[in-house]
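We're numbering straight along the sequence, starting at 1.
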Amino acid sequence: AVFTRYANALLEQHVDTDRSVVERVREYVERHLADGEPTAEAAAKELAMSGRTLRRALQDGGTTFRELVEEVRLARAHALLGQPNVTVSETAYLLGFGDVTAFSRAFKRWTGKSPREYRVQHPS
């Protein structure tokens, strides 16, 4: 445990010092959304840090892994729903949702509108 903490501290000092952990996690989520539900453990592994170190770094950045996933999904949902040639089903799949119903519930929770209502109110 002592060596793991020491190694993680060294890695944090030398890996991608130009970009914050929050930015790097956001990029990870953007790349892996269509693969299914992104996990903090997989993100930590890709960023070469422990799960606990990742959680602390995100907390220091004022966010959580779950909040970042939702932010990325919402931003991408707005972009995809703005494209009339992309269906709501395709949007749900591209955002990593298992089905359209789960996406529609999440979108309504985020915006207060269904994806179809959003499209009607924001035509491209």
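- Judged by distance alone, the side chain of Q121 and the main-chain N or O of Y118 form no donor-acceptor pair under 3.5 Å.
- Within the structure, ring-ring contact (aromatic ring centres under 6.0 Å, His included) contacts touching residues 26-51 (residues at least two apart or in different chains) are Y28-H32.
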For a side-chain contact (heavy atoms from CB on, under 4.5 Å) check, start with the C-alpha distance between L95 and V72, then their side-chain angles and the critical distance, and finish with the verdict. CA-CA 9 Å; L95 297 178; V72 170; over 6 Å; no
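- Using a 4.0 Å cut-off between charged side-chain N and carboxylate O, R109 and E70 make a salt bridge.
- Residues L33 and R76 have side chains in contact (heavy-atom distance under 4.5 Å, counting atoms from C-beta outward).
- Taken to the nearest 0.5 Å, the CD atom of E30 stands 10.0 Å off from the CG atom of L68.
- A distance of 8.5 Å separates CZ of R119 from CG of L80, quoted to the nearest 0.5 Å.
- Taking the six-membered ring where tryptophan is involved, the planes of F107 and W110 are perpendicular, since the angle between them exceeds 60° and thus also 30°.
- Within 6.0 Å of the CZ atom in R31, the count of heavy atoms belonging to other residues, nucleotides or ligands exceeds 12.
- Without hydrogens or angle criteria, E46 side chain to A43 main chain gives no donor-acceptor distance under 3.5 Å.
- The side chain to side chain contact (heavy atoms under 4.5 Å, CB included) check on A102 picks up F97, D99, R105, with sequence neighbours excluded.
- In this structure the side chain of P115 reaches within 4.5 angstrom of the side chain of S104, judged on heavy atoms.
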